[in-house]
Amino acid sequence: MNRKLKVLFIAMMLVAAVFLSGCTDSHSVKENNSSSDKSTEKVNPITEKENSSDDKPVNVAEDIGTNGTNESTPVYSLNDTNTTSNNTLNSTSNNTLNTTSNNTSYSNSNVSLSTRHSGSGHSSSSSSSETSDSDDTTELTDMAQRTVTIPTPENIEKISCLHPIPTYMTWRLTPEKLSSVDMVFNANPRLVPEDANDTLNGLPVTGVFFKGMNQEQMLALDPDVIVSMTKDPNLDQEQSDYAAPVVAVSKDNLTDYEQSFRLMGKLLGNEEEADELADYWNDSITKVTNITSTIPEDQRVKVYYASHDGPLSTVGPLTVMSSIIDLAGGVDLYDTNTTLTSSQKVDEHLVVNIEQVLLWNPDVIITKTETEKNTILNDTQWQSINAVKNGRVYAAPRWESLDGIQSVMGLMWTAEKLYPDKVKFDFNNETREFYSEFYLYDNITDEQIAETTA
(Lines give C-alpha, C1' and ligand atoms only; values in the text may rest on other atoms or scores of the structure.)
Protein backbone atom coordinates (compact mmCIF):
# COMPACT_ATOMS: atom_id res chain seq x y z
CA MET A 1 0.00 0.00 0.00
CA ASN A 2 1.40 3.31 -1.03
CA ARG A 3 1.88 6.19 1.36
CA LYS A 4 -1.29 8.16 0.39
CA LEU A 5 -3.61 5.19 0.88
CA LYS A 6 -2.14 4.53 4.32
CA VAL A 7 -2.82 8.14 5.45
CA LEU A 8 -6.41 7.99 4.11
CA PHE A 9 -7.08 4.69 5.93
CA ILE A 10 -5.80 6.05 9.26
CA ALA A 11 -7.95 9.17 8.90
CA MET A 12 -11.09 7.08 8.25
CA MET A 13 -10.36 4.95 11.30
CA LEU A 14 -10.04 8.04 13.51
CA VAL A 15 -13.37 9.46 12.27
CA ALA A 16 -15.09 6.15 12.94
CA ALA A 17 -13.63 6.03 16.48
CA VAL A 18 -14.82 9.54 17.27
CA PHE A 19 -18.31 8.75 15.95
CA LEU A 20 -18.62 5.58 18.00
CA SER A 21 -17.41 7.39 21.15
CA GLY A 22 -20.06 10.11 20.77
CA CYS A 23 -22.88 7.63 20.50
CA THR A 24 -21.75 5.87 23.65
CA ASP A 25 -21.56 9.14 25.66
CA SER A 26 -25.03 10.20 24.52
CA HIS A 27 -26.55 6.93 25.63
CA SER A 28 -24.80 7.21 28.98
CA VAL A 29 -26.15 10.73 29.57
CA LYS A 30 -29.72 9.60 28.80
CA GLU A 31 -29.41 6.74 31.25
CA ASN A 32 -27.98 9.01 33.94
CA ASN A 33 -30.77 11.57 33.46
CA SER A 34 -33.40 8.85 33.67
CA SER A 35 -31.85 7.54 36.87
CA SER A 36 -31.70 11.02 38.34
CA ASP A 37 -35.40 11.63 37.67
CA LYS A 38 -36.32 8.40 39.39
CA SER A 39 -34.12 9.30 42.35
CA THR A 40 -35.74 12.72 42.61
CA GLU A 41 -39.19 11.16 42.79
CA LYS A 42 -38.07 9.01 45.67
CA VAL A 43 -36.64 11.82 47.87
CA ASN A 44 -39.30 14.51 47.16
CA PRO A 45 -42.73 13.08 48.05
CA ILE A 46 -45.84 15.24 47.70
CA THR A 47 -45.86 17.93 50.43
CA GLU A 48 -48.98 17.95 52.67
CA LYS A 49 -50.83 21.14 53.65
CA GLU A 50 -48.66 23.20 56.00
CA ASN A 51 -49.89 23.94 59.56
CA SER A 52 -53.11 22.02 59.02
CA SER A 53 -53.18 21.37 62.77
CA ASP A 54 -53.83 25.09 63.44
CA ASP A 55 -57.53 24.49 62.94
CA LYS A 56 -57.65 21.95 65.75
CA PRO A 57 -58.83 22.98 69.25
CA VAL A 58 -56.08 24.21 71.56
CA ASN A 59 -56.50 22.55 74.95
CA VAL A 60 -54.76 23.85 78.06
CA ALA A 61 -55.18 21.85 81.26
CA GLU A 62 -54.39 23.39 84.62
CA ASP A 63 -54.25 21.90 88.09
CA ILE A 64 -56.40 24.32 90.06
CA GLY A 65 -55.96 22.62 93.44
CA THR A 66 -58.48 21.65 96.09
CA ASN A 67 -59.96 23.53 98.99
CA GLY A 68 -58.33 21.56 101.78
CA THR A 69 -60.25 18.39 100.98
CA ASN A 70 -59.27 14.92 99.83
CA GLU A 71 -61.32 15.22 96.68
CA SER A 72 -59.56 14.73 93.40
CA THR A 73 -58.39 17.88 91.69
CA PRO A 74 -60.65 18.97 88.80
CA VAL A 75 -58.99 19.86 85.53
CA TYR A 76 -60.29 22.82 83.54
CA SER A 77 -59.84 23.17 79.81
CA LEU A 78 -59.53 26.38 77.84
CA ASN A 79 -60.39 25.80 74.18
CA ASP A 80 -62.04 27.31 71.15
CA THR A 81 -64.76 24.70 70.67
CA ASN A 82 -68.24 24.65 72.12
CA THR A 83 -68.95 22.26 74.97
CA THR A 84 -71.63 21.72 77.57
CA SER A 85 -69.22 20.63 80.28
CA ASN A 86 -69.29 22.70 83.48
CA ASN A 87 -65.53 22.33 83.70
CA THR A 88 -64.81 24.00 80.34
CA LEU A 89 -64.41 27.67 79.51
CA ASN A 90 -65.48 28.14 75.89
CA SER A 91 -65.86 30.73 73.21
CA THR A 92 -69.63 31.05 73.65
CA SER A 93 -69.39 32.14 77.31
CA ASN A 94 -70.18 35.74 78.23
CA ASN A 95 -66.74 36.01 79.79
CA THR A 96 -64.97 34.26 76.94
CA LEU A 97 -61.21 34.12 76.99
CA ASN A 98 -61.08 33.18 73.29
CA THR A 99 -62.10 35.33 70.32
CA THR A 100 -62.63 34.50 66.66
CA SER A 101 -60.27 37.06 65.20
CA ASN A 102 -57.55 36.73 67.80
CA ASN A 103 -57.91 33.50 69.69
CA THR A 104 -56.27 33.97 73.11
CA SER A 105 -56.19 31.43 75.92
CA TYR A 106 -55.39 33.04 79.26
CA SER A 107 -54.13 31.75 82.56
CA ASN A 108 -51.91 33.40 85.13
CA SER A 109 -50.46 30.53 87.14
CA ASN A 110 -48.74 27.52 85.62
CA VAL A 111 -50.07 27.97 82.09
CA SER A 112 -48.42 30.37 79.68
CA LEU A 113 -50.27 33.03 77.75
CA SER A 114 -50.90 31.61 74.30
CA THR A 115 -52.01 33.74 71.38
CA ARG A 116 -53.15 32.41 68.01
CA HIS A 117 -53.73 34.95 65.25
CA SER A 118 -56.43 34.16 62.67
CA GLY A 119 -55.01 33.32 59.26
CA SER A 120 -51.41 33.63 60.38
CA GLY A 121 -50.67 29.93 60.05
CA HIS A 122 -48.66 29.89 63.26
CA SER A 123 -48.99 30.15 67.04
CA SER A 124 -47.00 32.31 69.40
CA SER A 125 -46.72 31.99 73.16
CA SER A 126 -45.04 33.82 75.98
CA SER A 127 -44.84 33.54 79.76
CA SER A 128 -47.52 35.39 81.70
CA SER A 129 -44.76 37.48 83.26
CA GLU A 130 -43.81 38.85 79.84
CA THR A 131 -45.59 41.38 77.68
CA SER A 132 -48.05 39.66 75.35
CA ASP A 133 -48.12 40.37 71.63
CA SER A 134 -51.90 40.16 71.86
CA ASP A 135 -54.05 43.27 72.21
CA ASP A 136 -56.35 41.27 74.50
CA THR A 137 -54.08 41.30 77.57
CA THR A 138 -51.92 43.74 79.42
CA GLU A 139 -49.66 43.78 82.46
CA LEU A 140 -50.48 45.51 85.72
CA THR A 141 -48.38 45.93 88.86
CA ASP A 142 -50.74 45.66 91.79
CA MET A 143 -50.32 47.12 95.27
CA ALA A 144 -48.66 43.94 96.53
CA GLN A 145 -45.95 44.69 93.94
CA ARG A 146 -46.96 41.65 91.88
CA THR A 147 -46.87 41.88 88.08
CA VAL A 148 -50.13 40.36 86.88
CA THR A 149 -51.19 39.69 83.30
CA ILE A 150 -54.84 40.67 82.96
CA PRO A 151 -57.35 41.06 80.14
CA THR A 152 -57.61 44.58 78.77
CA PRO A 153 -60.59 46.53 80.17
CA GLU A 154 -62.76 45.93 77.12
CA ASN A 155 -62.22 42.17 77.56
CA ILE A 156 -63.25 42.20 81.22
CA GLU A 157 -66.93 41.47 81.64
CA LYS A 158 -67.10 39.90 85.12
CA ILE A 159 -65.25 40.77 88.32
CA SER A 160 -65.54 39.16 91.76
CA CYS A 161 -63.94 40.65 94.87
CA LEU A 162 -62.82 39.07 98.13
CA HIS A 163 -63.18 42.22 100.25
CA PRO A 164 -65.75 45.05 100.49
CA ILE A 165 -63.28 47.80 99.44
CA PRO A 166 -62.72 46.52 95.85
CA THR A 167 -66.37 45.44 95.74
CA TYR A 168 -67.38 49.04 96.35
CA MET A 169 -64.81 50.42 93.88
CA THR A 170 -66.01 48.09 91.13
CA TRP A 171 -69.63 49.06 91.78
CA ARG A 172 -68.79 52.77 91.73
CA LEU A 173 -66.67 52.68 88.56
CA THR A 174 -68.25 49.92 86.43
CA PRO A 175 -71.32 48.45 88.16
CA GLU A 176 -72.20 46.35 85.10
CA LYS A 177 -69.01 44.32 85.53
CA LEU A 178 -69.68 43.33 89.16
CA SER A 179 -70.61 39.65 89.06
CA SER A 180 -70.96 39.15 92.85
CA VAL A 181 -70.75 40.93 96.20
CA ASP A 182 -68.81 39.71 99.20
CA MET A 183 -70.56 38.71 102.41
CA VAL A 184 -69.31 41.73 104.40
CA PHE A 185 -70.38 44.25 101.77
CA ASN A 186 -73.73 42.51 101.44
CA ALA A 187 -74.31 42.44 105.21
CA ASN A 188 -73.95 46.21 105.65
CA PRO A 189 -76.76 48.60 104.73
CA ARG A 190 -75.63 51.19 102.21
CA LEU A 191 -76.56 54.79 101.50
CA VAL A 192 -76.83 54.44 97.73
CA PRO A 193 -79.65 55.12 95.24
CA GLU A 194 -82.54 52.70 95.62
CA ASP A 195 -82.07 51.08 92.22
CA ALA A 196 -78.40 50.47 93.04
CA ASN A 197 -79.35 48.61 96.21
CA ASP A 198 -81.84 46.52 94.25
CA THR A 199 -79.09 45.49 91.83
CA LEU A 200 -76.53 44.79 94.55
CA ASN A 201 -78.97 42.75 96.60
CA GLY A 202 -79.67 40.56 93.57
CA LEU A 203 -76.04 39.50 93.03
CA PRO A 204 -74.55 36.23 94.32
CA VAL A 205 -72.83 36.57 97.71
CA THR A 206 -69.30 35.22 98.12
CA GLY A 207 -67.00 34.82 101.09
CA VAL A 208 -64.12 37.12 101.96
CA PHE A 209 -60.48 36.18 102.37
CA PHE A 210 -60.52 36.75 106.15
CA LYS A 211 -63.63 34.64 106.76
CA GLY A 212 -63.19 31.90 104.19
CA MET A 213 -64.00 31.27 100.55
CA ASN A 214 -66.12 28.73 98.73
CA GLN A 215 -63.81 27.59 95.95
CA GLU A 216 -66.51 25.79 93.99
CA GLN A 217 -68.70 28.89 94.02
CA MET A 218 -65.92 31.08 92.68
CA LEU A 219 -65.19 28.56 89.93
CA ALA A 220 -68.86 28.55 89.00
CA LEU A 221 -68.97 32.37 88.89
CA ASP A 222 -66.02 32.18 86.49
CA PRO A 223 -64.91 35.83 86.74
CA ASP A 224 -62.42 37.37 84.32
CA VAL A 225 -60.56 39.00 87.22
CA ILE A 226 -60.58 38.52 91.00
CA VAL A 227 -59.63 41.43 93.27
CA SER A 228 -58.41 41.01 96.85
CA MET A 229 -56.24 42.97 99.28
CA THR A 230 -52.53 43.21 100.08
CA LYS A 231 -53.37 41.85 103.55
CA ASP A 232 -54.73 38.65 102.03
CA PRO A 233 -52.26 35.92 103.10
CA ASN A 234 -53.56 33.56 100.41
CA LEU A 235 -52.90 35.64 97.28
CA ASP A 236 -50.55 33.09 95.74
CA GLN A 237 -52.81 30.17 96.63
CA GLU A 238 -55.84 31.93 95.17
CA GLN A 239 -53.90 32.60 91.99
CA SER A 240 -53.22 28.87 91.80
CA ASP A 241 -56.81 27.90 92.66
CA TYR A 242 -58.52 30.01 90.03
CA ALA A 243 -57.91 30.50 86.31
CA ALA A 244 -58.65 34.22 86.59
CA PRO A 245 -55.81 36.59 87.53
CA VAL A 246 -55.87 37.86 91.13
CA VAL A 247 -55.11 41.55 91.68
CA ALA A 248 -54.48 43.18 95.09
CA VAL A 249 -55.40 46.68 96.24
CA SER A 250 -54.73 48.16 99.69
CA LYS A 251 -56.35 49.94 102.62
CA ASP A 252 -53.46 49.47 105.05
CA ASN A 253 -53.10 53.24 105.35
CA LEU A 254 -55.69 55.92 104.68
CA THR A 255 -53.48 57.29 101.91
CA ASP A 256 -53.45 53.86 100.18
CA TYR A 257 -57.04 54.35 99.03
CA GLU A 258 -55.96 57.01 96.56
CA GLN A 259 -53.63 54.61 94.73
CA SER A 260 -56.21 51.81 94.98
CA PHE A 261 -58.79 53.98 93.21
CA ARG A 262 -56.34 54.79 90.42
CA LEU A 263 -55.34 51.14 90.00
CA MET A 264 -58.98 50.02 89.85
CA GLY A 265 -59.64 52.71 87.26
CA LYS A 266 -56.94 51.25 85.02
CA LEU A 267 -58.17 47.72 85.59
CA LEU A 268 -61.80 48.58 84.86
CA GLY A 269 -61.23 51.07 82.05
CA ASN A 270 -62.67 54.08 83.90
CA GLU A 271 -59.58 56.10 84.78
CA GLU A 272 -61.36 59.44 84.51
CA GLU A 273 -63.81 58.85 87.37
CA ALA A 274 -61.26 56.87 89.38
CA ASP A 275 -58.82 59.77 89.21
CA GLU A 276 -61.54 62.22 90.23
CA LEU A 277 -62.34 60.16 93.32
CA ALA A 278 -58.63 59.71 94.09
CA ASP A 279 -58.07 63.46 93.82
CA TYR A 280 -61.06 64.12 96.09
CA TRP A 281 -59.61 61.66 98.60
CA ASN A 282 -56.20 63.30 98.55
CA ASP A 283 -57.69 66.80 98.83
CA SER A 284 -59.77 65.77 101.85
CA ILE A 285 -56.71 64.42 103.66
CA THR A 286 -54.73 67.54 102.80
CA LYS A 287 -57.53 69.73 104.14
CA VAL A 288 -57.10 68.06 107.53
CA THR A 289 -53.32 67.69 107.65
CA ASN A 290 -52.78 71.34 106.70
CA ILE A 291 -54.09 72.00 110.21
CA THR A 292 -52.98 69.00 112.25
CA SER A 293 -49.42 68.89 110.94
CA THR A 294 -48.75 72.21 112.67
CA ILE A 295 -49.55 70.80 116.14
CA PRO A 296 -46.30 70.42 118.16
CA GLU A 297 -45.40 66.88 119.19
CA ASP A 298 -45.64 67.67 122.90
CA GLN A 299 -49.20 68.95 122.45
CA ARG A 300 -50.58 65.95 120.59
CA VAL A 301 -53.31 64.06 122.42
CA LYS A 302 -53.01 60.36 123.30
CA VAL A 303 -55.74 58.22 121.76
CA TYR A 304 -57.03 54.71 122.40
CA TYR A 305 -59.14 53.09 119.69
CA ALA A 306 -61.41 50.22 120.76
CA SER A 307 -62.21 47.99 117.81
CA HIS A 308 -65.46 46.11 117.27
CA ASP A 309 -64.22 43.10 119.27
CA GLY A 310 -64.79 44.96 122.54
CA PRO A 311 -63.20 47.65 124.74
CA LEU A 312 -60.03 45.62 125.29
CA SER A 313 -59.36 45.06 121.61
CA THR A 314 -57.43 47.59 119.56
CA VAL A 315 -55.42 47.90 116.35
CA GLY A 316 -51.77 47.78 115.37
CA PRO A 317 -49.85 50.86 114.23
CA LEU A 318 -49.88 49.80 110.55
CA THR A 319 -53.65 49.84 110.11
CA VAL A 320 -56.01 52.34 108.52
CA MET A 321 -57.49 53.23 111.94
CA SER A 322 -54.11 54.02 113.42
CA SER A 323 -53.15 56.05 110.33
CA ILE A 324 -56.31 58.14 110.76
CA ILE A 325 -55.40 58.91 114.37
CA ASP A 326 -51.91 59.92 113.23
CA LEU A 327 -53.16 62.10 110.35
CA ALA A 328 -55.67 63.70 112.73
CA GLY A 329 -52.78 64.74 114.96
CA GLY A 330 -53.10 62.10 117.68
CA VAL A 331 -50.75 59.49 119.13
CA ASP A 332 -52.08 55.93 119.15
CA LEU A 333 -51.44 53.35 121.87
CA TYR A 334 -48.90 51.34 119.89
CA ASP A 335 -47.29 54.14 117.88
CA THR A 336 -44.13 54.01 120.00
CA ASN A 337 -44.17 50.30 120.83
CA THR A 338 -41.14 48.52 119.37
CA THR A 339 -41.92 45.04 120.69
CA LEU A 340 -44.74 44.20 118.28
CA THR A 341 -44.18 41.57 115.63
CA SER A 342 -44.76 42.38 111.97
CA SER A 343 -48.10 40.54 112.04
CA GLN A 344 -49.21 42.39 115.18
CA LYS A 345 -48.44 45.73 113.56
CA VAL A 346 -51.04 45.13 110.85
CA ASP A 347 -53.55 43.38 113.15
CA GLU A 348 -56.96 45.03 113.53
CA HIS A 349 -57.90 42.79 116.47
CA LEU A 350 -55.09 43.12 119.02
CA VAL A 351 -56.09 42.01 122.51
CA VAL A 352 -54.87 44.26 125.33
CA ASN A 353 -55.39 44.25 129.09
CA ILE A 354 -56.75 47.03 131.27
CA GLU A 355 -53.32 47.56 132.86
CA GLN A 356 -51.90 48.59 129.46
CA VAL A 357 -54.69 51.09 128.93
CA LEU A 358 -54.36 52.48 132.45
CA LEU A 359 -50.62 52.92 131.95
CA TRP A 360 -51.22 54.64 128.60
CA ASN A 361 -53.90 56.87 130.17
CA PRO A 362 -55.31 58.19 126.88
CA ASP A 363 -56.79 61.69 126.56
CA VAL A 364 -59.39 60.47 124.07
CA ILE A 365 -61.05 57.08 123.57
CA ILE A 366 -62.80 56.24 120.29
CA THR A 367 -65.05 53.20 120.07
CA LYS A 368 -66.58 51.56 117.05
CA THR A 369 -70.00 51.12 118.66
CA GLU A 370 -72.25 52.85 121.17
CA THR A 371 -72.30 49.65 123.25
CA GLU A 372 -68.53 49.73 123.71
CA LYS A 373 -68.66 53.39 124.67
CA ASN A 374 -71.27 52.70 127.36
CA THR A 375 -69.33 49.69 128.64
CA ILE A 376 -66.24 51.87 129.19
CA LEU A 377 -68.18 54.69 130.84
CA ASN A 378 -69.92 52.29 133.23
CA ASP A 379 -66.91 50.11 134.14
CA THR A 380 -65.16 51.18 137.34
CA GLN A 381 -61.80 49.96 135.99
CA TRP A 382 -61.82 52.79 133.43
CA GLN A 383 -62.85 55.62 135.73
CA SER A 384 -59.33 56.90 136.50
CA ILE A 385 -58.43 57.33 132.82
CA ASN A 386 -58.26 60.95 131.62
CA ALA A 387 -60.57 60.35 128.66
CA VAL A 388 -63.31 59.04 130.94
CA LYS A 389 -62.81 61.68 133.61
CA ASN A 390 -62.97 64.48 131.04
CA GLY A 391 -65.92 63.12 129.07
CA ARG A 392 -63.89 62.46 125.92
CA VAL A 393 -65.10 58.97 125.01
CA TYR A 394 -66.71 58.98 121.56
CA ALA A 395 -68.51 56.38 119.47
CA ALA A 396 -67.56 56.84 115.80
CA PRO A 397 -70.44 57.82 113.48
CA ARG A 398 -71.99 54.97 111.57
CA TRP A 399 -71.62 56.63 108.17
CA GLU A 400 -68.22 58.25 108.77
CA SER A 401 -66.29 55.44 110.43
CA LEU A 402 -62.53 54.90 110.79
CA ASP A 403 -62.65 52.04 108.31
CA GLY A 404 -63.97 51.45 104.81
CA ILE A 405 -64.69 53.95 102.07
CA GLN A 406 -66.23 56.33 104.63
CA SER A 407 -62.92 56.50 106.49
CA VAL A 408 -61.83 59.74 104.80
CA MET A 409 -64.84 61.34 106.50
CA GLY A 410 -63.82 59.47 109.65
CA LEU A 411 -60.56 61.43 109.46
CA MET A 412 -62.42 64.75 109.49
CA TRP A 413 -64.60 63.62 112.38
CA THR A 414 -61.59 62.36 114.39
CA ALA A 415 -59.59 65.55 113.86
CA GLU A 416 -62.54 67.62 115.12
CA LYS A 417 -62.90 65.42 118.21
CA LEU A 418 -59.19 65.58 119.03
CA TYR A 419 -58.79 69.34 118.44
CA PRO A 420 -62.21 71.04 118.54
CA ASP A 421 -60.58 74.42 119.05
CA LYS A 422 -58.33 74.08 115.97
CA VAL A 423 -60.23 71.94 113.46
CA LYS A 424 -63.56 73.41 112.40
CA PHE A 425 -65.34 72.03 109.34
CA ASP A 426 -68.96 72.18 108.30
CA PHE A 427 -69.03 68.45 108.86
CA ASN A 428 -72.60 67.91 107.69
CA ASN A 429 -71.97 69.65 104.38
CA GLU A 430 -68.68 67.79 103.93
CA THR A 431 -70.51 64.50 104.51
CA ARG A 432 -73.28 65.33 102.06
CA GLU A 433 -70.73 66.22 99.37
CA PHE A 434 -68.83 63.00 100.05
CA TYR A 435 -71.92 60.79 99.68
CA SER A 436 -72.94 62.57 96.51
CA GLU A 437 -69.50 61.99 94.97
CA PHE A 438 -68.72 58.49 96.21
CA TYR A 439 -72.14 56.87 96.61
CA LEU A 440 -74.18 58.95 94.14
CA TYR A 441 -76.55 59.54 97.06
CA ASP A 442 -77.99 63.01 97.70
CA ASN A 443 -80.50 62.32 100.46
CA ILE A 444 -78.43 61.82 103.60
CA THR A 445 -79.95 63.66 106.55
CA ASP A 446 -78.40 65.39 109.56
CA GLU A 447 -79.85 62.64 111.73
CA GLN A 448 -78.13 59.96 109.69
CA ILE A 449 -74.84 61.85 109.79
CA ALA A 450 -75.00 61.86 113.62
CA GLU A 451 -76.08 58.21 113.85
CA THR A 452 -73.81 55.71 115.59
CA THR A 453 -73.68 51.91 115.45
CA ALA A 454 -75.50 50.27 118.38
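Side chains included, hydrogens not; waters and symmetry mates left out as well; all remaining heavy atoms used.
Side-chain contact, Tyr334 with Gln356: a donor N or O sits under 3.5 Å from an acceptor N or O. No hydrogens or angles considered: a donor-acceptor pair under 3.5 Å links the side chains of Ser160 and Ser179.
Atom CG of Asn337 has more than 12 neighbouring heavy atoms from other residues, nucleotides or ligands inside a 6.0 Å radius. Atom CD of Gln259 has 12 or fewer neighbouring heavy atoms from other residues, nucleotides or ligands inside a 6.0 Å radius. Within 6.0 Å of atom CD in Glu154, more than 12 heavy atoms from other residues, nucleotides or ligands are found, so the atom counts as buried in its surroundings. In Glu355, the CD atom is crowded: over 12 heavy atoms of neighbouring residues, nucleotides or ligands sit closer than 6.0 Å.
Here Asp363 pairs with nothing under the salt bridge (Lys or Arg N to Asp or Glu O under 4.0 Å) rule; sequence neighbours left out. Residues passing the salt bridge (Lys or Arg N to Asp or Glu O under 4.0 Å) test with Glu416, sequence neighbours excluded: none. Scanning for salt bridge (Lys or Arg N to Asp or Glu O under 4.0 Å) contacts around Asp446 gives Arg432, with sequence neighbours left out. Residues meeting the salt bridge (Lys or Arg N to Asp or Glu O under 4.0 Å) test with Lys251, sequence neighbours left out: Glu348, Asp403.
With hydrogens and angles disregarded, no donor-acceptor distance shorter than 3.5 Å links the side chain of Glu433 to the backbone of Asn428. Under a 3.5 Å cut-off, the side chain of Lys345 and the backbone N or O of Thr341 do not form any donor-acceptor pair. In this structure, the side chain of Gln406 does not engage the main chain of Leu402 through any donor-acceptor pair within 3.5 Å. Panel note: side chain Ser323, backbone Leu254; a donor-acceptor pair is recorded below 3.5 Å. When atom types are taken as modelled, the side chain of Asn234 and the backbone of Glu238 share no donor-acceptor pair closer than 3.5 angstrom. Here the side chain of Tyr435 pairs a donor or acceptor atom with the backbone of Trp399 at under 3.5 angstrom. Judged by distance alone, with hydrogens and angles left aside, the side-chain atoms of Gln217 form a donor-acceptor pair with the main-chain N or O of Val205 at under 3.5 Å. Under the 3.5 Å distance criterion, the side-chain polar atoms of Tyr394 are left unmatched by any main-chain donor or acceptor of Lys373. Side-chain N or O atoms of Glu372 include one that pairs as donor or acceptor with a backbone N or O of Gly310 at under 3.5 Å.
Between Leu333 and Pro362 there is no side-chain heavy-atom pair separated by less than 4.5 Å. You'll find the side chain of Tyr419 stays beyond 4.5 Å of the side chain of Gln299, heavy atoms only. Val246 is not listed as a side-chain neighbour of Asp232, based on a closest heavy-atom distance of 4.5 Å or more.
Here the OG1-CG distance, from Thr292 to Leu418, works out to 9.0 Å after rounding to the nearest 0.5 Å. Going from atom CE of Met218 over to atom CG of Asp241 covers 10.5 Å, rounded to the nearest 0.5 Å.
Relative orientation of the Phe438 and Phe434 rings is parallel, given thresholds of 30° and 60° on the angle between their planes. Using cut-offs of 30° and 60° on the angle between ring planes, the pair Tyr439 and Tyr168 is tilted. Ring geometry for Phe261 versus Trp281: interplanar angle of 30 to 60°, hence tilted.
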Practice task
Start with the C-alpha gap between Ile444 and Ile449, add the side-chain angles, then the distance that decides, and say whether side chain to side chain contact (heavy atoms under 4.5 Å, CB included) holds.
Solution key: CA-CA 7 Å; Ile444 189 168; Ile449 293 171; 3.8 Å; yes
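The two atoms that bring Gln344 and Thr339 nearest to each other are OE1-O, 4.3 Å, heavy atoms only.
The salt bridge (Lys or Arg N to Asp or Glu O under 4.0 Å) analysis of residues 170-180, with sequence neighbours excluded, yields the pairs Arg172-Glu273. Listed by first and then second residue, the side chain to side chain donor-acceptor pair (under 3.5 Å) pairs involving residues 198-207 are Arg190-Asn201 (not counting sequence neighbours).
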